[in-house]
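For ligands, and for the atoms within them, numbers begin at 1 and follow the listed sequence.
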Amino acid sequence: MSGHDDVIEKLARSTVRLQPPKRVRDAAKVQDYDGWYESWEADPDAFWKDAAESLHWFEPWLRTSEIALPQHQWFVGGKTNLSYNCLERNIERGLGDKVALHYESEHDPSRAFTYREVLTEVSRIACALRSLGVGKGDRVVIYMPLGPMGIFVMQACARIGAIHSVVYAGMGAGALRQRIEDCGARVVVCSDATYRRGKTVNLKSIVDDAVAGLDGVEHVLVHKRESATVLQSNREVDLEALVSPQPDECEAEVLDAEDVAFILYTSGTTGKPKGVVHVHGGFAVGVHLLMRNYFDTGEEDVWWSTSDIGWIVGHAYICYGPMLVGCTQVIREGTPDYPDSSVVWQTVAKHGVTTMFTAPTTVRMFMRMGAESLEPHDRSSLRMFYCAGEPFNPEAWTWAQENIVEDGFVADNYWQTEIASPMLGTFACMDAKPGFVGKPMPGVRLKVVDHEGESMDAGEGGALVMEQPVPWMMRSVWNDPDRYASYWNRQLGGYVTGDIAVRDGEGYWAVLGRSDDVLNVSGHRIGTADVESALIEHDAVVEAAVIGIPDELKGEAIKGFVVLHQGRHGSADLEAELKHHVRHVLGPIAQPAGVSILDSLPKTRSGKIMRRLLKARELGLDEGDTSTLED
Ligand code: PRX
């Protein structure tokens with residue numbers, strides 16, 4: 001049923017195993033994976049109690065969980081604060097003068113901030129937000145590139161109990177507006193610009209478009225990086241001017257473990273993005289636990305994730321995770337291939353990065369650039385090299401193991417915006433089987449099922465379902481409890497991930513791709529429905545269908561098909577205009593690689609567009625069963 005039979009067969013035949021080098025194995029925080037997993041199975045309450053006790057609680061929790069699906073609560077009654085746990089808790093442990101954050105950029109000078117300095121910056125911003133009347137439960141949309149300011153604003157929101165919703169600063173005005181409206185943000189915090197490949201990207205004009213006519217937005221706070229930026233309406237405020245006179249201290253709000261920390265929008269199967277809701281307590285416990293015991297990162301490490309604050313990886317493992325464990329982290333604004341192909345390795349050498357996190361797409365880009373760009377740079381500090389976000393093809397995995405890490409270990413991990421930390425991963429203490437992500441985290445019980453919910457055997461592909469909730473997963477979909485409830489499917493027996501998976505006889509799991517109409521372009525999740533509705537918004541288009549086509553570098557590329565209104569005629573100019581239109585609405589990551597103009601779209605007799613057929617035709621494959629095709 002999975003439609004991935006060829007990959008499953010290839011996996012079954014593969015005998016490739018990569019062993020962690022001795023120094024990795026010896027240093028692994030979890031030495032015995034089975035024993036660790038079994039300790040959760042034997043006594044979940046004791047396991048979660050132990051995990052949560054590493055963090056600060058203003059008041060202890062009464063019960064570790066209360067589950068009445070689709071609702072689930074963790075550390076019930078406990079009072080805590082995510083930002084307090086990242087900052088004061090570490091300063092009290094003596095880490096105040098330690099560097100929390102090294103910032104690198106292709107444009108600005110390098111900077112470093114100690115834990116104490118981060119606390120001061122975050123506190124000033126938190127006071128500034130409070131001075132505008134922003135408080136617990138208020139939504140703040142953040143549209144900023146990866147940089148200290150973006151992280152500080154997120155932490156400042158968490159500090160005062162405001163709910164942040166970061167929109168990736170590469171999304172278009174339409175996507176930004178939709179998110180601001182859906183979460184009812186009172187405040188938008190943005191940067192006027194970011195810098196990519198030597199060019200200045202104007203973000204302010206996108207924000208201007210997005211908030212035009214939205215009266216609910218009371219303030220637009222602008223982090224000015226360009227002296228030429230002029231603030232216009234009186235709701236626009238210069239962020240730094242507002243922040244600099246504020247006091248250095250701002251007491252963290254005492255929050256309930258289940259209070260909402262953030263909303264992060266992601267693509268689903270309809271054109272309306274889903275606002276995935278995460279809370280303070282369970283998120284902090286899960287991220288802290290897995291940062292240490294899965295990502296193998298403690299105080300002694302230098303961590304670098306190449307993600308962005310606009311994605312879930314940037315929430316869990318840039319903004320919060322590194323500061324929860326008290327390590328030093330590196331962030332870099334810019335692309336990994338500019339100003340030259342060795343900038344990543346120069347950065348690793350400069351800071352002695354020990355644990356790194358990127359995406360398979362980036363590895364494939366390194367492969368394409370060739371091992372020569374790595375060679376002159378000392379990578380001996382790299383102990384662990386993690387990848388996630390899309391299927392990690394064995395060729396790229398093996399290449400990374402052979403070429404990137406000298407005496408380190410490459411590991412895949414699998415999760416989603418909805419589950420804010422890994423579900424599966426290869427641990428530092430276990431052999432890697434390229435093609436298989438690895439084994440489940442404690443708390444995670446998975447199964448593979450068919451359409452009826454029958455469990456499939458090892459070696460058989462099907463829908464991946466998680467049987468019970470974990471503390472670090474979503475609590476709801478903002479404004480849409482029914483959509484949230486639909487994730488928990490009684491017939492399939494749990495939380496439906498939307499992915500197709502297979503496990504082998506040794507307990508390793510492989511995630512093969514989506515079972516729904518969600519594409520994965522360079523590790524970014526894009527709904528076909530989002531792109532289709534953007535195309536239909538164009539006045540020439542009457543109907544649109546979008547498919548993913550395999551792309552060696554990006555995993556998938558987007559291909560659109562449109563039918564035009566009568567009287568409109570296709571041309572190369574119109575095709576280019578349609579691509580540009582999608583870019584404007586959704587941002588460059590969603591821009592189709594191509595748009596074809598057709599006289600009609602293939603449909604079933606009941607009127608459903610047959611995307612499968614468009615894909616088969618595009619790729620020159622067998623068209624399969626076309627008996628339901630409309631004449
Ligand atoms: O389809 C799976 C794929 O990415 C989706 C989640 O994307 P996002 O919400 O952006 O969160 C990314 C967090 C790392 C999943 O439903 N995916 C993620 N990791 C893997 C993966 N597919 C295969 N292997 C992975 N390691």
Geometric N/O contact T266 with ligand 1, under 3.5 angstrom: no
Taking atom 20 (C) of ligand 1 as the reference point, the nearest protein heavy atom with its distance: E390 N, 3.5 Å
Ring centres under 6.0 angstrom apart (H315, Y320): no
Heavy-atom gap G498 to ligand 1 smaller than 4.0 Å: no
Location of contacts on D412 toward ligand 1, heavy atoms closer than 4.0 Å: side chain
Lys/Arg-Asp/Glu bridge criterion (N-O < 4.0 Å) met for E532, R611: yes
Any donor-acceptor N or O pair under 3.5 Å, side chains Y386, D412: no
Sub-4.0 Å heavy-atom approach of W415 to ligand 1: yes
Ion pair R17/E506, N-O distance below 4.0 Å: yes
Within reach of ligand 1, part of H524 (heavy-atom separation under 4.0 Å): neither
Ligand-residue contact atoms, ligand 1 with P391, heavy atoms, under 4.0 Å: 22 (N), 23 (C), 24 (N)
Side-chain H-bond candidate by donor/acceptor type, D308 with Y168, under 3.5 Å: no
Proximity of D499 to ligand 1 by residue part, where a heavy atom lies under 4.0 Å: side chain
Nearest protein heavy atom with distance in Å, relative to atom 7 (O) of ligand 1: R525 CD, 3.3 Å
Salt bridge flag under 4.0 Å for residues R364 and E552: no
Geometric N/O contact T497 with ligand 1, under 3.5 angstrom: no
Within-cut-off N or O pair, F392 and ligand 1, under 3.5 Å: no
Ring centre gap for F283 and W472 strictly below 6.0 Å: no
Shortest protein contact, atom 4 (O) of ligand 1 (heavy atom only): G389 O, 3.3 Å
Ligand-side contact atoms (ligand 1) for residue partner N520, heavy atom cut-off under 4.0 Å: 3 (C), 4 (O)
Q416 N/O to ligand 1 N/O under 3.5 Å: yes
Step-by-step ring-ring contact (aromatic ring centres under 6.0 Å, His included) determination, F357 to W304: CA-CA 6 Å; F357 187 172; W304 182 14; over 10 Å; no
Donor on one side chain, acceptor on other, E104 and T347, under 3.5 Å: no
Side-chain H-bond candidate by donor/acceptor type, T426 with Y508, under 3.5 Å: no
Nearest neighbour of atom 9 (O) of ligand 1 from the list L424, T417, N413, on a heavy-atom basis: T417
V511: numbered ligand 1 atoms lying under 4.0 Å from its heavy atoms: 22 (N), 23 (C)
Ionic contact status for E395 with K10, cut-off 4.0 Å: yes
Numbering as shown, the atoms of ligand 1 that approach I312 to under 4.0 Å (heavy-atom distance): 11 (O), 13 (C)
